[in-house]
Amino acid sequence: MEIKTEAIVLQTLDYKDNDKLLTLFSPSLGKITAGIRGVKKPTAKLAFAAQPFCFAEYVLAEKGGRYTVTAAYLHESFFELRTDITRFYAACAAAEVCRTILQENETYEGIFIGLIELLKALSLGEEDVAEPLISFLLIALRESGYPIDLSFLEECDGDIGEKLWFDFADGRFSTFERCNQGERASVSTYHTLRKCEGLTYDEDALAGGKKRALRLIKAYLGEKTEGRFDNLGEVIRLYEE
């Protein structure tokens, strides 16, 4: 059976002498593994389709639940990501999160659209790296069933004080008295997350919040999935706020 679907390459692995195995993220098929033959040869016409972050229409032959790429039509290579190490690792971090949280053959249209928007923003190089990455990670967490609750500001009528805690069990911010299991979290982290989620925030409380927000999300992802998220850790190490 032949299937046509748009997809993004999340990962490539060498297979045999000239072949590769691709982890593809499709809005209609979800996360799938597909073989692609002969792409390591110098004259391979489909070499582009086996590059990380390639966004293309893939033609897949399916047999017994296994997929093989037979053709591909490029939409965008996002080649510019390879010219800036921090932006490259940010894209790798997003792909790493997708590989971890997405289930095989389940659809995640919101995450797919969010990933495309992130790769576009990173490729243009006009925006700060942290904000679009945080926005995508919040989408990914929400769509995969691990949302971060940012409603504490409304619950406190706009006055959250100067000391917050983040409850890793419930994924929400609170005061120490209301926190069941968590760690101290800065007010700048909270307002940065609200900004990236498109909610109201305090501009004066953002200083230093982006790197802290990335650290909190990495810890929360690790708590929920037991993943390491090394690429996200590298973004945090490289990022200069």
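Just so it is clear, the model here is predicted, and its values are computed rather than measured. No hydrogens, no waters, no symmetry mates; every other heavy atom, side chains included, goes into these values.
Both L74 and Y58 are part of a single hydrophobic cluster, where members link through side-chain heavy atoms under 4.5 Å apart. Criterion: ILVMFWY side-chain heavy atoms under 4.5 Å apart, direct or through other members. Under it, I116 and L24 are not part of a common hydrophobic cluster. No single ILVMFWY cluster, assembled from side-chain heavy atoms under 4.5 Å apart, contains both I139 and F25. There is a path of hydrophobic side-chain contacts, each under 4.5 Å, that joins F53 to V129. The cluster map of Ile, Leu, Val, Met, Phe, Trp and Tyr, joined by side-chain heavy atoms under 4.5 Å apart, puts I101 and L29 in different clusters.
Within 6.0 Å of OH in Y15 there are 12 or fewer heavy atoms belonging to other residues, nucleotides or ligands. Other residues, nucleotides and ligands contribute more than 12 heavy atoms inside 6.0 Å of the CZ atom of R184. In the displayed structure, E106 atom CD is contacted under 6.0 Å by more than 12 heavy atoms of other residues, nucleotides or ligands. Open room surrounds CZ on R66; 12 or fewer heavy atoms of other groups in view lie less than 6.0 Å from it. Dense packing is recorded around CD of E104, with more than 12 heavy atoms of other residues, nucleotides or ligands lying under 6.0 Å away.
A heavy-atom distance below 4.5 Å is not found between the side chains of V97 and T225. For the pair S26 and F112, the minimum side-chain heavy-atom distance is 4.5 Å or more. E197 places none of its side-chain heavy atoms less than 4.5 Å from the side chain of R194. Under the 4.5 Å side-chain criterion, counting only non-hydrogen atoms from C-beta, L232 is in contact with L137. In this structure, I8 and L119 have side chains that are in contact, with non-hydrogen atoms separated by less than 4.5 Å.
Closest heavy-atom contact between L46 and A72: CD2-N, 3.7 Å. I36 and A49 make their closest contact through CD1-CB, 4.1 Å (heavy atoms, listed as atom of the first residue, atom of the second, distance). Of all heavy-atom pairs spanning C98 and K31, the tightest one is O-CD, 4.4 Å. Scanning all heavy atoms of the two residues, the minimum distance from L122 to R87 falls at O-CD, 3.3 Å. A pairwise comparison of heavy atoms in A91 and L81 identifies CB-CD1, 3.7 Å as the closest pair. Here the closest heavy-atom approach between residue E96 and residue D230 is recorded as OE2-N, 3.0 Å.
One finds the CD1 atom of I217 at 9.5 Å from the OG1 atom of T189 (value rounded to the nearest 0.5 Å). Here the CG-CG distance, from L216 to L221, works out to 9.5 Å after rounding to the nearest 0.5 Å. Between atom OH of residue Y108 and atom CG of residue L115 there is a gap of 14.0 Å, rounded to the nearest 0.5 Å. Separation of atoms CG (L13) and CG (D19) is listed at 12.5 Å; rounding is to 0.5 Å. Summarising the geometry, atom CD belonging to E109 is positioned 9.5 Å from atom OG belonging to S28; distances are rounded to the nearest 0.5 Å. In this structure, CD1 on I32 lies 7.0 Å from OG1 on T5, to the nearest 0.5 angstrom.
Under the 3.5 Å distance criterion, the side-chain polar atoms of K224 are matched with a main-chain donor or acceptor of A169. Within the 3.5 Å criterion, the main-chain N or O of P27 finds no donor-acceptor partner in the side chain of T107. Checked by atom type and distance alone, the side chain of E223 never pairs as donor or acceptor with a backbone atom of F168 at under 3.5 Å. Proximity of a side-chain donor or acceptor of Y89 to a complementary backbone N or O of G233 within less than 3.5 Å is not detected. No donor-acceptor distance shorter than 3.5 angstrom exists from the side chain of K20 to the backbone of K40, with no hydrogens or angles considered. Under the 3.5 Å distance criterion, the side-chain polar atoms of K210 are left unmatched by any main-chain donor or acceptor of T192. Side chain of K211 to backbone of Y239: a donor-acceptor contact under 3.5 angstrom is found.
Residue pairs that meet the side-chain hydrogen bond (donor to acceptor under 3.5 Å, both in side chains) test with at least one member in residues 69-86, sequence neighbours left out, are E6-H75.
Under 3.5 Å, the side chains of S188 and R212 contain a donor-acceptor pair of N or O atoms.
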| query | Should K120 and E117 be marked as a side chain to side chain contact (heavy atoms under 4.5 Å, CB included) after you check the CA-CA gap, both sets of side-chain angles, and the distance that decides it? | reply | CA-CA 5 Å; K120 287 180 180 177; E117 293 302 314; 3.9 Å; yes
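Remark: aromatic rings of F173 and Y190 are close, center separation under 6.0 Å.
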